[in-house]
Structures are given as structure tokens and as C-alpha cells.
K.L.:
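I have a structure here, written as C-alpha cells, and I will follow up with some questions on it.
In what follows, chains are A, B, ... by sequence order, proteins preceding strands, each numbered from 1.
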There are 2 protein chains.
Amino acid sequence: MSEIRRGDTRPYHHGDLRRALIDAALDLVTEEQDWTFSLREVARRAGVSHNAPYNHFSEKRDLLGAVAAAGFETLRERMQGAALRAGDPRAAFIASGKAYVKMGVENPALYRLMFGPALAAANGPAGRNLEGEADRPAEARAAGARAKAVLDEIILRGAETGAFAVSPDNKDNKKERAIASLSAWSAVHGLTMLIIDDLAAQDLAIDTLVTRVLHIMLEGLVPRRGQ
Amino acid sequence: MSEIRRGDTRPYHHGDLRRALIDAALDLVTEEQDWTFSLREVARRAGVSHNAPYNHFSEKRDLLGAVAAAGFETLRERMQGAALRAGDPRAAFIASGKAYVKMGVENPALYRLMFGPALAAANGPAGRNLEGEADRPAEARAAGARAKAVLDEIILRGAETGAFAVSPDNKDNKKERAIASLSAWSAVHGLTMLIIDDLAAQDLAIDTLVTRVLHIMLEGLVPRRGQ
DNA sequence: CGCTAGAAGTTGACACTGTCAATATAACCC
DNA sequence: GGGTTATATTGACAGTGTCAACTTCTAGCG
């Protein structure tokens, strides 16, 4: 139940406004569960004028990216912690998956922001932005990749110890591990989204739901006897 | 590659504006890949004043809900078609899953709209709306449920024929089937999201990715010999 | 130390949004 | 035909993201 991480340094003109803005936005998104806050509202909360943020973020999406990055970092910490506490790869897989869903369910607004379309670039008419411009803030992308790395590591350990059959024919193929990792992430991400959107069956306790889904995915990764 | 369904009747004052608005919005979302269109833009495209939509939708979210419902209906059709063409439950599972992901990847903006936060209600400070008010438009919810029913049906068939082990101890338990169904939906939904958000490994062809992920999920549902 | 260049913050403006209220217009029913 | 009602328009309001011009502070160099 640790708080979303906040920083504290104040080297600048009016304090570290960049950090203050991110914190204010985190407040809005975690306390008020409002992921559609306006830039001006954030500025108000930070006690500065509506245009001050533009000195630190060239557009609103960049602020959102920074907030999402903070969310991903917390996610990474919780997954990592759960995995370390768990021990063997199978247990780590289940534990970090549960931690993942828990974080999403506890902070739906933040989770929505992390994966939601607010971060994605407004595409040109062609459906893709013309130059190779990254369509999500680089900061958020990188933080997301670091969170995923925790899962990759678990898959790797499982593959090494033979707990997971990451490939039908080639146990240490990197590509096969990537697929296993992606499968697991898909299941966990999809489940979190469905729960948040209230599209999962409501008459089942979330925790048993998560456990069962993760186990099914896990069984799909386990090598079968005799083939 | 069929179009998103559009309707055509014109009984009213200025034609069937409700339908015209939905169509205009579908145009924006499928052709321009813009899921952040304004209500006014939609009205402009339909050739009416900026307030005309309020005679048919009490707020913007209701229009979005109708658009999402159209998307879910198309999704249902494609899954259903793929499943019927496939035959046995295992093949139907894979085929409808592929159809699902394909639809999402081909229409990312529409898919984002269908599951995105634009549909969710702006929550009160407590994080949940106070009265039991449904937080997504009922129309979209219902259409989504109908799409999910296709998957439920496949799972049911697979459970009956013994192709899927939906429960470790109780083969025809309804709750167990719900969990199996939810697991599959999670995997497919999560995978679609990750691909759309460009978070899945790019060096792998989408189709093989989908196939592999679905097979892993499928293996997790298959009964094991000797336990 | 004093000055100055540039960073940080403010004020004001613009076009645009979602939504409300008041008004006009067309369609339908008796 | 006349009145009721659904449908559409015009106008307004508060609020938004972002640009431009201006002011204020501060860090660093002579």
C-alpha cells in the first residue's frame, strides 16, 4: 500500500516546479481518481499561473507521460518486491501477477492514464504520424519497459530451471521467451482492464479470479509430459 | 474487411439524425483514426448545428457509447463468423481470437474508444459514483456482453466435448466456465491493447504472435494426463 | 561586487470545447 | 386547420490547451 513515489529537491527559482506539477497531478489521479484533469487545474494546485507548466513540459501529454512513468515505476517496485518475496519462478510468476492486478485495481485512474489514449499521439489522417515520431512520451515508454523487465526476468529464470516450457523445440530461444512474456503480460493487463471497466464477472472475488487466471496461463507454459 | 455497420432509414424531421451522427462519428474514428473528436465536429459533418445532437444524446458520452456499441457488434459478427468457419472448439477458439485481435489492430481508434476511459464516467471524489449509476453507457455494455457471449459459447462447447478442462474437479460448473472465458478474453484483450500501443515486440509478425499467445492460453485450458 | 543573459513565471489573448436556455420551425394528431 | 410536441437553431457561458509578449528572478562572468 505504499504511496506513489514523490520526489523532493528545490534548486530552482520557485522551487522544483516540475516535480510539484507531477505531484499535484498524482494527487488528482490517485486521491480524486480523476484522470481527465486539466493542465490548468494542476497549475492551480501547484499554486502557479496556468502557463507556468509550459516551462517544464512542452505540452500536456508530456506531463501525463511523466505521471504515467511514476506509475510504472511503482508498478515495477511492487512486482519486483512480490517476486523476490515469493521464491521459485512459478510462485514469483503468480505473486508478481497478483501485485500487478492489485495495483491496477487499487488505482484505476492511474492505470487508465498509463495505458489510456490520452498518452497516445493524435494521429494524422493517415492513421499514423508521418515521421518516425514516437507516439507515446519516451519517458512513459521507458518506465513501462522497466516494469516489463521484471516479468521477463521471471520467465528467464523459469526457462532456465525448466519450470516453464517457453518453446516447444528450443528452450533457450530468446524469441520464445519474448512470446511467453508477452502472453503473460497480455493476460494480466487484459484482466486488469476488464476488472477496472467492470466487465469481469462481479460475483467472484477479485483475488480468486486473478489466481485462477494466472494459473491457467501458467499451465499453458508448463511443459507437458510425453510430447 | 467488412465496413463497420451503418444504418439507413429517414423517418424524421431532418432525416434520421441520430443515425447520421453515429455514422459521422464512425467515419471520424475509422477513416481519420481520430478517437478524440468533438461533438461539434460530428455535428458539422452531419450538416447540423452544434446543439442538434442534444436532441438524440443527452451528453457526448452517449454518442460515444452508441459508436462503441456499433464497434462491438462488428466485433461479434467477425468472431462469430470465424468460429463458425472453423469447426471444432479448439479451432474456433483460435480463429475467433485471431479475428478479435485483427479487428482491434485494424481499427485501433475504434478499439480505443470501445474500451477507453472516454466512456467511463467521471468519478466523484470517492472514486466511485455515488448512486448505483452505471458508469458506462448501457448500450455499449450490452453490445460488449453480446460479443463476449460468442466466446462463452465456444468455451461451453469445448467443455462439453472435453476439449477444455474448465475445472479441475467439476467439469460442468458454470462458474468455472466463466473463469475460463474471462481468462481467454483477458489474454486476447491485453494482447490487442499491447499491440495497438506498440508495446509488443515489434520484430515479430502480429499474426504469429497472436497464434502463439492463443495456443499458450489454450494449452492452459487443456486437461492434463494423469492428474 | 555589479551586470547581464537567459531561465522561470505571469498576463492576456485566441480558437475551441461541452452544455444550458431561449427561440424558431417542422411534423403529427384530433 | 390548430395546437402539441419533437426537432433544430442561435446565443451565451465557463473552461480548456496553447501561443506571444512581458516581467522577474537568479546564476555566473568580468
Side-chain angles (χ1 to χ4, degrees), chain A residues 7 9-25 28-29 32 34-68 113 116-124 133 135 137, chain B residues 7 9-25 28-29 32 34-68 113 116-124 129 133 135-137:
Chain A
T9 53
R10 40 182 23 255
Y12 270 105
H13 190 190
H14 193 260
D16 187 347
L17 182 56
R18 181 188 164 90
R19 192 73 226 182
L21 290 169
I22 296 177
D23 288 350
L28 275 166
V29 88
E32 315 265 353
D34 177 18
W35 65 94
T36 62
F37 54 81
S38 70
L39 199 48
R40 289 164 108 108
E41 170 71 11
V42 175
R44 244 171 263 134
R45 294 215 163 201
V48 294
S49 79
H50 68 268
N51 251 333
Y54 282 89
N55 281 308
H56 303 273
F57 303 97
S58 67
E59 48 177 343
K60 184 185 180 184
R61 219 157 44 86
D62 286 346
L63 203 217
L64 295 180
V67 172
L113 198 155
L119 277 188
N123 296 346
E133 193 69 32
D135 53 357
Chain B
T9 55
R10 41 184 20 255
Y12 270 105
H13 192 188
H14 193 259
D16 188 347
L17 182 55
R18 181 186 164 90
R19 194 70 226 182
L21 290 169
I22 296 177
D23 287 351
L28 275 166
V29 87
E32 315 265 352
D34 177 18
W35 64 95
T36 63
F37 55 81
S38 70
L39 199 49
R40 288 163 109 109
E41 169 71 12
V42 175
R44 245 172 262 133
R45 294 215 164 203
V48 293
S49 79
H50 68 267
N51 250 334
Y54 282 88
N55 281 306
H56 303 272
F57 303 98
S58 67
E59 48 178 342
K60 183 185 181 183
R61 218 156 45 86
D62 286 347
L63 205 215
L64 296 180
V67 172
L113 198 156
L119 276 189
N123 297 348
N129 36 15
E133 193 70 32
D135 53 357
R136 315 188 106 229

K.L.:
What is the distance from OH of Tyr54(A) to P of dA21(D), rounded to the nearest Å?
P.N.:
17 Å
K.L.:
Grab the CG-P distance between Leu21(B) and dT7(D) for me, whole Å please.
P.N.:
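To the nearest whole Å, that distance equals 12 Å.
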K.L.:
Measure the distance from CG on Leu63(B) to P on dT17(C) and round it to the nearest whole Å.
P.N.:
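Those two atoms, CG and P, are 14 Å apart.
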K.L.:
How would you list, by chain and number, every residue that makes a side-chain contact (heavy atoms from CB on, under 4.5 Å) with Phe57(A), sequence neighbours excluded?
P.N.:
Arg18(A), Leu21(A), Ile22(A), Asp62(A), Leu63(A), Ala66(A)
K.L.:
Is it the case that the base of dG9(C) and the side chain of Asn51(A) share a donor-acceptor contact (distance under 3.5 Å, atom types as modelled)?
P.N.:
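Side chain to base: no pair below 3.5 Å.
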K.L.:
Please report, to 0.1 Å, the donor-acceptor pairs under 3.5 Å made by any side chain of residues 43-53 of chain A, with sequence neighbours excluded.
P.N.:
| from | atom 1 | to | atom 2 | distance (Å) |
| --- | --- | --- | --- | --- |
| Arg44(A) | NH1 | Glu41(A) | OE1 | 2.7 |
| Arg45(A) | NE | Glu41(A) | OE2 | 3.3 |
| Arg45(A) | NH2 | Glu32(A) | OE2 | 3.2 |

K.L.:
Is the shortest side-chain N/O distance from His56(A) to OP1 or OP2 of dA7(C) below 4.0 Å?
P.N.:
no
K.L.:
Kindly point out which of dT17(C), dA8(D), dT10(C) is positioned nearest to the side chain of Ser38(B)?
P.N.:
dT17(C)
K.L.:
Measure the distance from CG on Asp16(B) to P on dA6(D) and round it to the nearest whole Å.
P.N.:
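The distance from CG of Asp16(B) to P of dA6(D) comes to 17 Å, rounded to the nearest Å.
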K.L.:
Atom CG of Leu39(B) and atom C1' of dT9(D): how far apart are they, to the nearest Å?
P.N.:
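After rounding, the gap between these two atoms is 15 Å.
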K.L.:
Please walk me through it: do Tyr54(B) and Leu39(B) pass side-chain contact (heavy atoms from CB on, under 4.5 Å)?
P.N.:
CA-CA 10 Å; Tyr54(B) 282 88; Leu39(B) 199 49; 3.6 Å; yes
K.L.:
Hey, is the side chain of Ser49(A) poking within less than 4.0 Å of OP1 or OP2 on dT11(C), counting only N and O atoms?
P.N.:
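So the side chain of Ser49(A) is outside the cut-off, no N or O lying under 4.0 Å from OP1 or OP2 of dT11(C).
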K.L.:
Do Pro137(B) and Leu119(B) touch side chain to side chain, with heavy atoms closer than 4.5 Å?
P.N.:
yes
K.L.:
Between His50(A) and dG9(C), is there a contact of a side-chain N or O with OP1 or OP2 at under 4.0 Å?
P.N.:
no
K.L.:
Return the OG1 to CG distance between Thr36(A) and Leu113(A), rounded to the nearest 0.5 Å.
P.N.:
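Answer for the OG1-CG pair, Thr36(A) versus Leu113(A), is 10.0 Å.
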K.L.:
For Arg61(B) and dT19(C), what is the distance between atoms CZ and C1' respectively, to the nearest whole Å?
P.N.:
14 Å
K.L.:
Strictly below 4.0 Å: does Arg44(B) bring a side-chain N or O up to OP1 or OP2 of dT17(C)?
P.N.:
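The answer is yes; a side-chain N or O of Arg44(B) sits under 4.0 Å from OP1 or OP2.
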K.L.:
For Phe57(A) and dT16(D), give me the distance from atom CZ to atom C1', rounded to whole Å.
P.N.:
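Rounded to whole Å, this separation is 18 Å.
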K.L.:
Separation of Leu17(A) atom CG from dC25(D) atom C1', in whole Å?
P.N.:
14 Å
K.L.:
Check whether the side chain of Arg40(A) and the base of dG17(D) form a donor-acceptor pair under 3.5 Å.
P.N.:
yes
K.L.:
I'd like to know if Asn55(B) reaches the base of dA8(D) with its side chain, counting only an N/O donor and acceptor under 3.5 Å.
P.N.:
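Side chain to base: pair found, below 3.5 Å.
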